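This one's a predicted model, so the numbers in the text were calculated from it and none came from an experiment. We're numbering straight along the sequence, starting at 1.
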Amino acid sequence: MDNIIMVGGFHEMVELCEDCGLNIVGIIDNTLKGSYEGVEVIGTDDDRHELFNRYGDVPVVLTPDKPAIREKLYHLYKDAGFSFKTVISPTARISRTATIGVGTVIQDKVNVSSHTKIGDFVKLNTMSNVMHDCNVGDFTTIAPNVCVLGRISIGNSCYIGANATILPDVKIVGNTTVGAGATVLKTIEEEGVYIGTPTRLLKKNSI
């Protein structure tokens, strides 16, 4: 049984790691104390260097949903010396020709189809479907029940909201949010928040 440390206490992620046969040595969280879901809370982000001295051989799993927070935590814990664990639910279906990056989390009943590339520290939430020949960039989150159809490219640090559908051959620039239930019919070239069916720009990202 592999040991891991969770960065960010979240009961859904505790259950996922346990379902994957992982032993959670501890949870690092800035607000929790004592224990959480039966797992010891071993410190906060500020304790990461001291914790590396104690647990340096144990990889961490980054649990937060928001891409920007995961990316920030990646840099903090990489600089402290930690390595990272990829977590894939036993109920997920991953094509033998797909590639999965380091630190990525794939939850229950996800489908990743043929010749698809999932980047580093991506989060694919429950029952999301990423079809053939897609490319999902680092730190991107795909929310529950999203349907990403064939030959789609999603940039780094995007958030694709629950039940969204992205039609084939679309490209989405990095740092873009697609709202829940939206349908993306054509390429998105400008960073921002997009909603609706078909999608329209709600607001541009702040500079």
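- Residues Asn23 and Met1 approach most closely at CB-SD, 3.4 Å, considering heavy atoms.
- Between the side chains of Asn129 and Asn111, at least one donor-acceptor pair of N or O atoms lies under 3.5 Å.
- Scanning both residues, Met6 and Ile4, for their nearest heavy atoms gives CG-CD1, 3.7 Å.
- Expressed to the nearest 0.5 Å, how far NE2 of His49 lies from CG of Asp79 amounts to 7.5 Å.
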> Passes side-chain hydrogen bond (donor to acceptor under 3.5 Å, both in side chains), Asp108 versus Ser89? Steps please.
Replying inline: CA-CA 5 Å; Asp108 295 338; Ser89 168; 2.8 Å; yes
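- When all heavy atoms of Cys20 and Ile88 are compared, the closest pair comes out as SG-O, 3.2 Å.
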>> side-chain hydrogen bond (donor to acceptor under 3.5 Å, both in side chains), that's the test. Do Asp45 and Asn30 meet it? Break it down for me.
In response: CA-CA 6 Å; Asp45 292 335; Asn30 291 341; 3.0 Å; yes
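- Other residues, nucleotides and ligands place no more than 12 heavy atoms under 6.0 Å from the CE atom of Met127.
- A distance of 10.5 Å separates CD1 in Ile5 from CD1 in Ile27, rounded to the nearest 0.5 Å.
- A donor-acceptor pair under 3.5 Å links the side-chain atoms of Thr104 to the main chain of Gly119, judged by distance alone.
- Of the residues listed (Asn175, Thr141, Asp65), the one engaging Tyr159 in a side chain to side chain donor-acceptor pair (under 3.5 Å) is Asp65, and it is the only one.
- Atom CG of Leu167 is separated from atom CD1 of Ile152 by 7.0 Å, given to the nearest 0.5 angstrom.
- One hydrophobic cluster, built from ILVMFWY side chains closer than 4.5 Å, holds both Val110 and Met131.
- Interatomic distance, OG of Ser83 versus NZ of Lys78, reported as 12.0 Å (0.5 Å rounding).
- Residues Val184 and Leu201 fall within the same hydrophobic cluster, defined by Ile, Leu, Val, Met, Phe, Trp and Tyr side chains chained together at heavy-atom separations under 4.5 Å.
- Linking ILVMFWY side-chain heavy atoms closer than 4.5 Å, directly or via other members, places Val102 and Ile100 in two distinct hydrophobic clusters.
- Distance alone, capped at 3.5 Å, places no donor-acceptor pair between the Ser128 side chain and the Val146 backbone.
- The one candidate from Leu51, Asp57, Val58 that meets the side chain to side chain contact (heavy atoms under 4.5 Å, CB included) condition with Arg54 is Leu51.
- Applying the salt bridge (charged side-chain N to carboxylate O under 4.0 Å, His left out) criterion to Asp2, with sequence neighbours excluded, gives Lys85.
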>> Val105 vs Met13, test: side-chain contact (heavy atoms from CB on, under 4.5 Å). Steps then yes/no.
In response: CA-CA 9 Å; Val105 172; Met13 288 297 300; 3.7 Å; yes
Just distance, no hydrogens or angles: give the donor-acceptor pairs under 3.5 Å from side chains in residues 187-196, sequence neighbours left out.
from, atom 1, to, atom 2, distance (Å)
Thr187, OG1, Lys171, N, 3.2
Glu190, OE2, Lys204, NZ, 3.4
Glu191, OE1, Asn205, ND2, 3.4
Tyr194, OH, Glu190, O, 2.6

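- Take Phe121 and apply the ring pair (Phe, Tyr, Trp, His ring centres under 6.0 Å) test, not counting sequence neighbours, and it matches Tyr74, Phe84, Phe139.
- Side-chain atoms of Thr176 never come within 3.5 Å of backbone atoms of Cys158 as a donor-acceptor pair (strictly under, hydrogens ignored).
- Taking Asp169 as the reference, Arg151 meet the salt bridge (charged side-chain N to carboxylate O under 4.0 Å, His left out) condition, with sequence neighbours excluded.
- Within the 4.5 Å cutoff, the side chain of Val41 has no heavy atoms near those of the Lys33 side chain.
- Separating the CZ atom in Arg70 from the CG atom in Asp138 is a distance of 10.5 Å, to the nearest 0.5 Å.
- The side-chain contact (heavy atoms from CB on, under 4.5 Å) search around Thr197 returns Thr183, not counting sequence neighbours.
- Closest of all the heavy-atom pairs between Ser113 and Ala98 is O-CB, 3.8 Å.
- Side-chain heavy atoms closer than 4.5 Å link hydrophobic residues (I, L, V, M, F, W, Y) into clusters, and following such links, possibly through other members, connects Phe10 to Leu22.
- The two residues Ser95 and His115 have their closest heavy-atom pair at OG-N, 4.5 Å.
- By the side-chain contact (heavy atoms from CB on, under 4.5 Å) test, His11 pairs with Tyr36, Glu37, sequence neighbours left out.
- With Ile106 as reference, Ile94 is the one residue of Thr126, Val87, Ile94 to meet the side chain to side chain contact (heavy atoms under 4.5 Å, CB included) rule.
- With hydrogens and angles ignored, the 3.5 Å screen pairs no side-chain donor or acceptor of Asn156 with any backbone N or O of Gly174.
- Residues Leu62 and Val136 fall into different hydrophobic clusters, defined by Ile, Leu, Val, Met, Phe, Trp and Tyr side chains chained together at heavy-atom separations under 4.5 Å.
- Side-chain atoms of Ile28 and Arg48, non-hydrogen and from C-beta on, never get closer than 4.5 Å to each other.
- Once rounded to the nearest 0.5 Å, the distance linking CD1 of Ile142 with NZ of Lys123 reads 12.5 Å.
- With Ile154 as reference, Thr140 is the one residue of Val130, Thr140, Val122 to meet the side chain to side chain contact (heavy atoms under 4.5 Å, CB included) rule.
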> How far apart are the C-alpha atoms of Ile172 and Ile160, what are their side-chain angles, what is the distance that settles it, and do they pass the side-chain contact (heavy atoms from CB on, under 4.5 Å) test?
Replying inline: CA-CA 10 Å; Ile172 298 178; Ile160 311 299; 4.3 Å; yes
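- Ile166 places none of its side-chain heavy atoms less than 4.5 Å from the side chain of Val178.
- Inspection of the Asn3 and Tyr55 side chains reveals no N or O donor paired with an N or O acceptor under 3.5 Å.
- The two residues Thr86 and Gly103 have their closest heavy-atom pair at OG1-N, 3.0 Å.
- Looking at Thr116, its side chain does come within 3.5 Å of a backbone N or O of Asp133 through a donor-acceptor pair.
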